[in-house]
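Along the sequence shown, residues are numbered consecutively beginning with 1. Note that ligands are numbered from 1 as they come in the structure, with each ligand's atoms numbered from 1 the same way.
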Amino acid sequence: MLLKKLVDLSRDPAPLEPGVLPVPKPGPGEILVRVRACGVCHTELDEIEGRTPPPHLPVVLGHQVVGTVTDRGSGADAFQPGERVGVAWIYSACGDCGACRRGDENLCAEFRATGRDVNGGYAGYMVVPEDFAHRVPEGLGDSQAAPLLCAGAIGYRSLRLTQLGDGQRLGLTGFGASGHLVLKMARRRFPNTETYVFARSETERKFALELGAVWAGDTTDRAPEPLDAIIDTTPVWRPVVEALGNLAPGGRLVINAIRKEDADKAQLLRLNYPEHLWLEKEIKSVANVARRDVREFLRLAEEIGLEPEIQEFALEDANRALLELKAGKIRGAKVLIMD
Ligand SMILES: [Zn+2]
Ligand SMILES: [Zn+2]
(Lines give C-alpha, C1' and ligand atoms only; values in the text may rest on other atoms or scores of the structure.)
(Ligands and ions follow the chains in the order given, each with its own letter.)
Protein backbone atom coordinates (compact mmCIF):
# COMPACT_ATOMS: atom_id res chain seq x y z
CA MET A 1 0.00 0.00 0.00
CA LEU A 2 1.64 3.21 -1.20
CA LEU A 3 1.43 6.78 0.03
CA LYS A 4 1.80 8.86 -3.14
CA LYS A 5 0.76 12.28 -1.84
CA LEU A 6 0.11 13.97 1.48
CA VAL A 7 -3.60 14.55 2.14
CA ASP A 8 -6.05 15.86 4.71
CA LEU A 9 -7.79 12.68 5.87
CA SER A 10 -11.05 14.46 6.57
CA ARG A 11 -11.26 15.25 2.83
CA ASP A 12 -9.55 12.20 1.37
CA PRO A 13 -10.49 8.99 3.14
CA ALA A 14 -8.27 6.76 0.96
CA PRO A 15 -4.70 8.11 1.20
CA LEU A 16 -3.03 4.79 0.38
CA GLU A 17 -3.19 3.04 -2.98
CA PRO A 18 -2.43 -0.60 -3.70
CA GLY A 19 0.66 -0.92 -5.88
CA VAL A 20 3.21 -3.44 -7.08
CA LEU A 21 6.91 -2.88 -6.41
CA PRO A 22 9.80 -5.27 -7.11
CA VAL A 23 10.92 -7.30 -4.09
CA PRO A 24 13.81 -5.22 -2.65
CA LYS A 25 17.37 -6.64 -2.66
CA PRO A 26 19.22 -6.66 0.67
CA GLY A 27 22.46 -4.65 0.48
CA PRO A 28 25.58 -5.30 2.57
CA GLY A 29 24.64 -5.96 6.20
CA GLU A 30 20.95 -5.99 5.35
CA ILE A 31 18.28 -8.68 5.51
CA LEU A 32 15.17 -9.19 3.42
CA VAL A 33 12.07 -9.71 5.55
CA ARG A 34 8.87 -11.31 4.35
CA VAL A 35 6.28 -9.28 6.28
CA ARG A 36 3.63 -11.23 8.23
CA ALA A 37 2.05 -8.45 10.27
CA CYS A 38 2.42 -4.70 10.60
CA GLY A 39 0.89 -2.52 13.30
CA VAL A 40 -1.00 0.69 12.45
CA CYS A 41 0.23 3.71 14.39
CA HIS A 42 -0.97 7.26 14.96
CA THR A 43 2.35 8.41 13.50
CA GLU A 44 1.14 7.18 10.11
CA LEU A 45 -1.63 9.80 10.34
CA ASP A 46 1.05 12.43 11.07
CA GLU A 47 2.97 11.29 8.00
CA ILE A 48 -0.07 11.24 5.72
CA GLU A 49 -1.24 14.67 6.87
CA GLY A 50 2.24 16.16 6.69
CA ARG A 51 3.06 16.79 10.37
CA THR A 52 6.10 14.52 10.00
CA PRO A 53 6.27 14.23 6.22
CA PRO A 54 8.22 11.49 4.45
CA PRO A 55 11.18 13.06 2.57
CA HIS A 56 10.40 11.08 -0.61
CA LEU A 57 7.14 9.90 -2.17
CA PRO A 58 5.80 7.39 -2.89
CA VAL A 59 6.65 5.61 0.32
CA VAL A 60 5.48 2.44 2.08
CA LEU A 61 4.41 3.30 5.63
CA GLY A 62 4.57 1.02 8.65
CA HIS A 63 7.06 0.64 11.47
CA GLN A 64 5.77 -2.20 13.65
CA VAL A 65 6.79 -5.05 11.44
CA VAL A 66 6.98 -8.75 12.19
CA GLY A 67 8.19 -11.14 9.51
CA THR A 68 10.63 -13.87 8.59
CA VAL A 69 14.11 -13.51 7.11
CA THR A 70 14.11 -14.74 3.51
CA ASP A 71 17.43 -13.41 2.19
CA ARG A 72 20.65 -11.85 3.48
CA GLY A 73 23.02 -9.32 1.93
CA SER A 74 26.79 -9.72 2.04
CA GLY A 75 28.18 -9.85 5.56
CA ALA A 76 24.76 -10.26 7.14
CA ASP A 77 24.93 -13.27 9.43
CA ALA A 78 23.09 -12.34 12.63
CA PHE A 79 19.90 -14.15 11.57
CA GLN A 80 19.25 -17.43 9.80
CA PRO A 81 16.85 -17.63 6.87
CA GLY A 82 13.41 -18.43 8.26
CA GLU A 83 14.08 -16.71 11.58
CA ARG A 84 11.40 -14.36 12.85
CA VAL A 85 12.36 -10.72 13.33
CA GLY A 86 10.74 -7.45 14.27
CA VAL A 87 11.47 -4.00 12.85
CA ALA A 88 10.63 -0.87 14.85
CA TRP A 89 10.55 2.90 14.18
CA ILE A 90 14.36 3.12 14.41
CA TYR A 91 15.65 1.95 11.01
CA SER A 92 19.22 3.20 11.35
CA ALA A 93 21.45 5.79 13.01
CA CYS A 94 25.06 6.90 12.36
CA GLY A 95 26.59 4.74 15.10
CA ASP A 96 29.36 7.26 15.64
CA CYS A 97 28.05 10.47 17.24
CA GLY A 98 27.85 11.19 20.98
CA ALA A 99 24.21 10.16 21.18
CA CYS A 100 24.83 6.88 19.34
CA ARG A 101 27.90 6.08 21.47
CA ARG A 102 25.97 6.44 24.70
CA GLY A 103 23.06 4.33 23.43
CA ASP A 104 20.74 7.27 22.79
CA GLU A 105 20.71 6.61 19.05
CA ASN A 106 17.04 7.71 19.11
CA LEU A 107 18.47 11.26 19.34
CA CYS A 108 21.05 10.85 16.52
CA ALA A 109 20.94 13.62 13.90
CA GLU A 110 21.10 10.90 11.22
CA PHE A 111 18.25 8.89 12.73
CA ARG A 112 16.20 7.28 9.97
CA ALA A 113 12.65 6.13 10.61
CA THR A 114 11.12 2.95 9.20
CA GLY A 115 8.15 3.64 6.97
CA ARG A 116 8.94 7.36 6.65
CA ASP A 117 12.56 7.85 5.55
CA VAL A 118 12.67 4.36 4.00
CA ASN A 119 9.98 1.90 2.91
CA GLY A 120 8.32 0.09 5.80
CA GLY A 121 5.96 -2.77 6.49
CA TYR A 122 2.63 -2.02 4.73
CA ALA A 123 3.93 -4.44 2.11
CA GLY A 124 4.83 -8.03 1.38
CA TYR A 125 8.57 -7.50 1.82
CA MET A 126 11.03 -4.98 3.23
CA VAL A 127 14.78 -4.75 3.80
CA VAL A 128 16.43 -3.59 7.02
CA PRO A 129 20.00 -3.43 8.37
CA GLU A 130 20.36 -6.58 10.46
CA ASP A 131 21.72 -4.52 13.37
CA PHE A 132 18.33 -2.84 13.56
CA ALA A 133 16.21 -6.00 13.45
CA HIS A 134 15.09 -7.60 16.69
CA ARG A 135 14.42 -11.20 17.72
CA VAL A 136 10.75 -11.74 18.48
CA PRO A 137 10.06 -13.91 21.55
CA GLU A 138 8.59 -17.33 20.71
CA GLY A 139 5.65 -16.84 22.99
CA LEU A 140 4.22 -13.96 20.96
CA GLY A 141 2.17 -14.42 17.80
CA ASP A 142 2.92 -12.18 14.79
CA SER A 143 -0.07 -9.89 15.37
CA GLN A 144 0.51 -9.77 19.12
CA ALA A 145 4.17 -8.85 18.67
CA ALA A 146 3.64 -6.13 16.02
CA PRO A 147 2.13 -3.39 18.23
CA LEU A 148 4.74 -4.08 20.89
CA LEU A 149 7.37 -2.79 18.47
CA CYS A 150 6.15 0.80 18.60
CA ALA A 151 3.37 1.43 21.06
CA GLY A 152 4.95 -1.01 23.50
CA ALA A 153 8.59 -0.03 23.10
CA ILE A 154 7.89 3.72 23.18
CA GLY A 155 5.50 3.14 26.09
CA TYR A 156 8.35 1.37 27.86
CA ARG A 157 10.65 4.32 27.23
CA SER A 158 7.93 6.77 28.39
CA LEU A 159 7.39 4.83 31.59
CA ARG A 160 11.14 4.82 32.21
CA LEU A 161 11.34 8.58 31.62
CA THR A 162 8.61 9.26 34.23
CA GLN A 163 11.14 8.06 36.87
CA LEU A 164 8.16 6.62 38.74
CA GLY A 165 8.75 4.64 41.91
CA ASP A 166 6.53 1.79 43.11
CA GLY A 167 3.55 3.15 45.01
CA GLN A 168 3.60 6.55 43.29
CA ARG A 169 0.47 7.51 41.39
CA LEU A 170 0.57 7.32 37.60
CA GLY A 171 -1.76 9.03 35.15
CA LEU A 172 -2.27 8.17 31.50
CA THR A 173 -3.93 10.74 29.30
CA GLY A 174 -5.07 9.16 26.05
CA PHE A 175 -5.72 5.44 26.09
CA GLY A 176 -4.84 3.96 22.73
CA ALA A 177 -2.38 1.24 21.82
CA SER A 178 0.47 2.63 23.92
CA GLY A 179 -1.69 3.56 26.92
CA HIS A 180 -3.12 0.12 27.41
CA LEU A 181 0.31 -1.53 27.20
CA VAL A 182 1.77 0.97 29.66
CA LEU A 183 -1.06 0.21 32.08
CA LYS A 184 -0.27 -3.50 31.87
CA MET A 185 3.48 -2.86 32.29
CA ALA A 186 2.95 -0.48 35.19
CA ARG A 187 0.70 -2.93 37.03
CA ARG A 188 3.39 -5.57 36.73
CA ARG A 189 6.46 -3.47 37.46
CA PHE A 190 4.89 -1.23 40.12
CA PRO A 191 2.40 -3.43 41.98
CA ASN A 192 1.61 -0.72 44.55
CA THR A 193 1.08 2.02 41.99
CA GLU A 194 -2.44 3.24 41.26
CA THR A 195 -3.10 4.21 37.66
CA TYR A 196 -5.58 6.92 36.66
CA VAL A 197 -6.71 7.08 33.05
CA PHE A 198 -8.00 10.11 31.16
CA ALA A 199 -9.74 9.25 27.88
CA ARG A 200 -12.29 11.03 25.75
CA SER A 201 -14.44 8.01 24.91
CA GLU A 202 -16.60 5.99 27.26
CA THR A 203 -15.37 2.77 25.58
CA GLU A 204 -11.75 3.64 26.32
CA ARG A 205 -12.57 4.50 29.93
CA LYS A 206 -14.44 1.23 30.41
CA PHE A 207 -11.54 -0.64 28.85
CA ALA A 208 -9.08 1.08 31.21
CA LEU A 209 -11.09 0.06 34.26
CA GLU A 210 -11.31 -3.52 32.96
CA LEU A 211 -7.51 -3.53 32.72
CA GLY A 212 -7.08 -2.38 36.30
CA ALA A 213 -7.06 1.43 36.35
CA VAL A 214 -8.39 2.64 39.72
CA TRP A 215 -10.14 5.60 38.12
CA ALA A 216 -11.06 6.70 34.59
CA GLY A 217 -12.34 10.10 33.58
CA ASP A 218 -12.46 12.45 30.60
CA THR A 219 -9.27 14.20 29.45
CA THR A 220 -10.71 17.40 30.95
CA ASP A 221 -11.54 15.90 34.38
CA ARG A 222 -9.62 16.45 37.59
CA ALA A 223 -8.33 13.19 39.13
CA PRO A 224 -9.43 12.53 42.72
CA GLU A 225 -5.75 12.57 43.83
CA PRO A 226 -2.71 14.53 42.61
CA LEU A 227 -0.51 12.34 40.41
CA ASP A 228 3.28 11.88 40.57
CA ALA A 229 3.69 11.28 36.86
CA ILE A 230 1.48 11.45 33.80
CA ILE A 231 2.14 10.11 30.32
CA ASP A 232 0.33 11.99 27.55
CA THR A 233 -0.29 10.12 24.29
CA THR A 234 -2.93 12.43 22.84
CA PRO A 235 -2.36 14.34 19.59
CA VAL A 236 -3.64 17.66 21.00
CA TRP A 237 -2.81 20.40 23.57
CA ARG A 238 -5.69 20.61 25.98
CA PRO A 239 -4.79 17.34 27.77
CA VAL A 240 -1.27 18.74 28.33
CA VAL A 241 -2.65 21.72 30.23
CA GLU A 242 -5.11 19.53 32.13
CA ALA A 243 -2.37 17.02 32.98
CA LEU A 244 -0.15 19.76 34.44
CA GLY A 245 -3.10 20.70 36.67
CA ASN A 246 -3.36 17.07 37.80
CA LEU A 247 0.33 16.74 38.74
CA ALA A 248 1.49 16.63 42.35
CA PRO A 249 4.35 18.96 43.40
CA GLY A 250 7.58 17.71 41.77
CA GLY A 251 5.52 15.67 39.33
CA ARG A 252 6.61 14.98 35.78
CA LEU A 253 4.58 15.04 32.58
CA VAL A 254 6.03 12.90 29.79
CA ILE A 255 4.64 13.72 26.36
CA ASN A 256 4.74 10.71 24.08
CA ALA A 257 3.69 12.22 20.75
CA ILE A 258 5.82 12.77 17.70
CA ARG A 259 3.85 15.89 16.76
CA LYS A 260 0.91 17.79 18.22
CA GLU A 261 -1.94 19.01 16.04
CA ASP A 262 -2.39 22.79 15.88
CA ALA A 263 -6.20 22.81 16.10
CA ASP A 264 -6.43 23.55 19.84
CA LYS A 265 -3.07 25.25 20.37
CA ALA A 266 -4.84 28.25 21.89
CA GLN A 267 -5.46 26.06 24.94
CA LEU A 268 -1.85 26.74 25.91
CA LEU A 269 -2.85 30.30 26.75
CA ARG A 270 -4.77 28.83 29.69
CA LEU A 271 -1.42 27.90 31.29
CA ASN A 272 -1.46 29.44 34.70
CA TYR A 273 1.96 29.36 36.37
CA PRO A 274 0.91 28.64 39.99
CA GLU A 275 -1.61 25.97 39.01
CA HIS A 276 0.24 24.25 36.19
CA LEU A 277 4.01 24.71 36.62
CA TRP A 278 4.94 26.05 40.07
CA LEU A 279 6.30 23.59 42.66
CA GLU A 280 8.87 22.02 40.39
CA LYS A 281 6.58 20.35 37.91
CA GLU A 282 8.43 19.09 34.85
CA ILE A 283 7.59 18.45 31.20
CA LYS A 284 9.62 16.05 29.08
CA SER A 285 9.00 14.62 25.63
CA VAL A 286 9.84 11.14 24.35
CA ALA A 287 11.57 10.97 20.97
CA ASN A 288 11.66 7.78 18.92
CA VAL A 289 13.10 4.61 20.40
CA ALA A 290 16.58 3.24 20.84
CA ARG A 291 17.31 -0.41 20.10
CA ARG A 292 17.74 -1.16 23.79
CA ASP A 293 14.15 0.04 24.46
CA VAL A 294 12.83 -2.37 21.85
CA ARG A 295 14.94 -5.28 23.03
CA GLU A 296 14.45 -4.74 26.78
CA PHE A 297 10.77 -4.28 26.25
CA LEU A 298 10.35 -7.42 24.10
CA ARG A 299 12.07 -9.41 26.86
CA LEU A 300 9.80 -7.84 29.48
CA ALA A 301 6.75 -8.57 27.33
CA GLU A 302 7.67 -12.24 27.15
CA GLU A 303 8.54 -12.39 30.87
CA ILE A 304 5.24 -10.97 32.01
CA GLY A 305 3.17 -12.56 29.25
CA LEU A 306 2.10 -9.20 27.87
CA GLU A 307 -0.53 -9.71 25.21
CA PRO A 308 -1.80 -6.56 23.62
CA GLU A 309 -5.46 -6.38 22.67
CA ILE A 310 -5.48 -6.34 18.90
CA GLN A 311 -7.82 -5.85 16.00
CA GLU A 312 -6.72 -7.38 12.68
CA PHE A 313 -7.24 -5.94 9.18
CA ALA A 314 -6.22 -7.24 5.76
CA LEU A 315 -3.41 -5.18 4.16
CA GLU A 316 -5.83 -3.84 1.52
CA ASP A 317 -8.03 -2.46 4.34
CA ALA A 318 -5.22 -0.23 5.60
CA ASN A 319 -7.18 2.93 4.75
CA ARG A 320 -10.12 1.79 6.88
CA ALA A 321 -7.81 1.00 9.80
CA LEU A 322 -6.23 4.46 9.52
CA LEU A 323 -9.60 6.21 9.37
CA GLU A 324 -10.86 4.35 12.43
CA LEU A 325 -7.71 5.36 14.26
CA LYS A 326 -8.25 8.97 13.19
CA ALA A 327 -11.85 8.80 14.41
CA GLY A 328 -10.69 7.47 17.77
CA LYS A 329 -12.36 4.07 17.27
CA ILE A 330 -9.78 2.25 19.30
CA ARG A 331 -9.99 -0.92 21.23
CA GLY A 332 -6.46 -2.16 21.44
CA ALA A 333 -3.98 -1.99 18.60
CA LYS A 334 -4.80 -2.27 14.89
CA VAL A 335 -2.66 -4.71 12.93
CA LEU A 336 -2.48 -5.38 9.20
CA ILE A 337 -2.11 -9.02 8.24
CA MET A 338 -0.32 -10.10 5.04
CA ASP A 339 -1.36 -13.23 3.15
ZN1 LIG B 1 4.41 4.13 15.95
ZN1 LIG C 1 24.51 9.02 15.64
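Atoms of the protein (N, O or S only) found under 2.8 Å from the Zn ion (ligand 2) are C94 SG, C97 SG, C100 SG, C108 SG. Around the Zn ion (ligand 1), protein N, O or S atoms at less than 2.8 Å comprise C41 SG, H63 NE2, C150 SG.
The existence of a salt bridge linking E275 and R222 is confirmed by a sub-4.0 Å separation between a basic side-chain nitrogen and an acidic carboxylate oxygen. Ion pair K326/E49 flagged as a salt bridge, since at least one NZ, NE, NH1 or NH2 atom sits closer than 4.0 Å to an Asp/Glu carboxylate oxygen. Of the charged side-chain nitrogens involved, none lies within less than 4.0 Å of a carboxylate oxygen, so that K206 and E202 do not count as a salt-bridged pair.
N246 places a side-chain N or O within donor-acceptor distance of the main-chain N or O of A223, the cut-off being under 3.5 Å. T193 contributes no side-chain N or O that, together with a main-chain N or O of R169, makes up a donor-acceptor pair within less than 3.5 Å.
F175 does not carry R205 over the face of its six-membered ring by the limits of under 6.0 Å from the centre and within 45° of the normal.
Identified under the side-chain hydrogen bond (donor to acceptor under 3.5 Å, both in side chains) test for residues 53-80, with sequence neighbours left out: E44-H63.
For W215 and F198, the ring centers sit closer than 6.0 Å to each other.
Remark: E242 pairs with R238, R270 by the side-chain hydrogen bond (donor to acceptor under 3.5 Å, both in side chains) rule, at least two apart or across chains.
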